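So the structure is just underneath, and the comments pick up after that.
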Amino acid sequence: MDVLLVTFLRALAFGTPLLWAALGEIVAERSGVVNLGVEGMMLLGAFFAFATAQLTGFPALGLGVAALVGGAAALVHAVVCVRLRGNQYVSGLALGMVGVGIAGLLGRGWEGTPLRTPLPELSWLTLSGLVLSGVVWVFLYHSRWGIILRSVGESPAAADAQGVQVFLVRYLAVGFGGLTAGIAGGFLSVAYRPSWTEGMTAGMGWIAIAITVFSGWDPLRAVAGSLLFGALFHLSFRLQGFVAPELLKMAPYLGTILVLTVATARRGAWWQEVPEALGAPYVRGER
Amino acid sequence: MRRFAWALVVLLVAGLAVGGVAQPRKLKAGWIYVGPIGDYGWTHAHDVGRRIAGKTLPWLETTYVEKVPEGQVEAFIDRLVRAGAKVIFTTSFGYMDGTLSAARRHPDILFAHCSGFKRASNVATYMADFYQVYYLNGLMAGALTRTGKVGYVGAFPIPEVKRHISAFALGVRATNPRATVHVRWIYEWFNPAAAKEATEALIAEGADVFAFTEDSPTVVQVAAQKGLPSFGHYSPMYRFAPQHIVSGQLVHWQKIYIDFLRKVYDGTYTPRNLQNVDYWWLLAEGAVELGAQPGMPVNPVFRPRLEAVKVRVSGIGTVSVYDLVLRRLREMSQSPPAFDPFTGPIYDRNGKLRVPAGRRMTVQELTTMEWAAPGIVGPWPKEPK
């Protein structure tokens, strides 16, 4: 088959979980909350999707359970960061590690087991990822709710003064991020590699966070970012005969640094600014 | 009366002492693992070996720690020593220097380091190596490929993996002189996504038979989805693709563990005489096995296809690949082996003579080999000119 076509299809397959995870992180960060626990939420999603699909024979049900588990995990993070005003970075990292640990522990008996009823790699889920990014884009930039969400991430105090329920918005945004991260992980274990293996995300959560930054918190650019990373991942094996594999292994990360450098240099024009209040807990009545 | 009392005391003490000796003596051994015991690869296999040793040797008590970062091995060794371990196995190449340093601080403890080359009076080395088994798998892969392209997903380009790929390629060429082995490196021992994508890349380039070094059954499963045959690695992977897995390599670390611990228990090994103790155990010692699951050297599904391919082999004549595999397996299972794949003349892929005619490679040469056998296609870091 044509190299370009194969690369595009592989980019779609590997890019789908990256896109789902990145879209959720974009929404969460737009509300001002960083969640570095994507890797852990994805792994929890991967495990619960696999276990549910294996037991019931319905991968779609598995994805549903993965979404709920991812969302629940994210809400723990939200409670710590929004209500208890804990450090978002510490809480996210902790969530990530706990998620990896719990999924590994629960999955002991399933290690390496292939899924009985896998979904095809390229399916409605791939398509719905693309649709979802359009929906999130319209939501963020062309809906009242999107303006409210963004205002909470830019200036929670101002939003609060306008009568916006800052805490509620942040809970919902972080929860949505967990939901999509759970589905992203579920996609890995029921479609991309239909089986369960401990630690099977192997750093994809971090790439999703990189895509979030790379995209300038824009859902449509996240599509481009996910496809680019997917293509680079595939090409890093295709091109091994021509380019040193050590270099190719670094390509996605070098690409991120390069894009960030260019984007930062042209700040404002091409690349969106970081949400102003990102990472800062909101305390009512303080400035 | 007093004398009688003394005699009684003496008898009592003597009796206790004798009784104490007659009590079954225990030996505690600890294992340090680099990965999780659920990894289905390297650490899993060592842990299976530990458990079998514990069941086989009634006087043995075992303990382990998993996921120990290579730089922190010394702290975990100290922990096992405090917990009473008299023998400690460190099961990753990267533990080498840490093990030697800890061994100097604990001169009365016996250490065995897996896959390393540094020893001391209380540090032995050991390895169960696959190169013979890889050669046998190569014979089958060469017979099964229709496109003439065999795919190999490699973890890290280190001598151990290179030796295995070269042995595999020598086997492939022995049954299919025009076939090539296409190698892709993932630079990780465990990364299912990378193993999957590397397999997809090889499939896109026309490879139709697969072998690999990575600690998950990913390559087997991805190949099976496309209906392509593959060879399992390390653990029994037959159940993951019973219609598509041809064979593979299996390890039995317990063979080494049980031998080593018995010799510690009976006093043959002491913390003062391990300087020259190096286990390099292969098929003949039963430390490794051909197959995708124990007791099944070749998946019966593939027997007809392997019997249908006939090859001419010097010294044997015309023989089916199936018979050739079983014959070579028998020859290499003898002690000493009647056949070795790394017997000269062997040229590397650049045409340079690496092993002169009639000579076999030594263990030292095998453990440090960096060159690639003919037929290997793809990047080969540190390839000698």
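Each chain gets a letter, A, B and so on, in the order the sequences are listed, and its residues count up from 1. As the structure is a prediction and not an experimental result, all values here were calculated from the model. These numbers come from the heavy atoms of this one structure, side chains and all, not from hydrogens, waters or symmetry mates.
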From the list B:Glu200, B:Glu205, B:Glu214, salt bridge (charged side-chain N to carboxylate O under 4.0 Å, His left out) with B:Arg184 holds only for B:Glu205
If you tally heavy-atom pairs under 4.5 Å against chain B, which of A:Pro118, A:Ser195, A:Ala244 wins?
A:Ser195
Smallest separation among heavy atoms of A:Ala208 and A:Leu18, with atom names
CB-O, 4.0 Å
Go through the atoms of B:Leu202 and report whether side chain, backbone, both or neither lie under 4.5 Å from a heavy atom of chain A.
neither
Can you say whether B:Ala194 sits under 4.5 Å from chain A via the side chain, the backbone, both, or neither, judging by heavy atoms?
both
Which bit of B:Val183 comes within less than 4.5 Å of chain A, counting heavy atoms only: side chain, backbone, both or neither?
backbone
Walk me through whether A:Phe229 and A:Phe14 qualify under ring-ring contact (aromatic ring centres under 6.0 Å, His included).
CA-CA 8 Å; A:Phe229 275 84; A:Phe14 188 74; 9.1 Å; no
So with a 6.0 Å cut-off around OH of A:Tyr89, is the heavy-atom count from everything else above 12?
yes
Distance to the ring centre below 6.0 angstrom and angle to the axis at most 45 degrees; does that hold for B:Lys196 and A:Tyr192?
yes
Best-contacting candidate, B:Ala198, B:Pro157, B:Gly378, B:Pro381, against chain A by heavy atom pairs under 4.5 angstrom:
B:Ala198
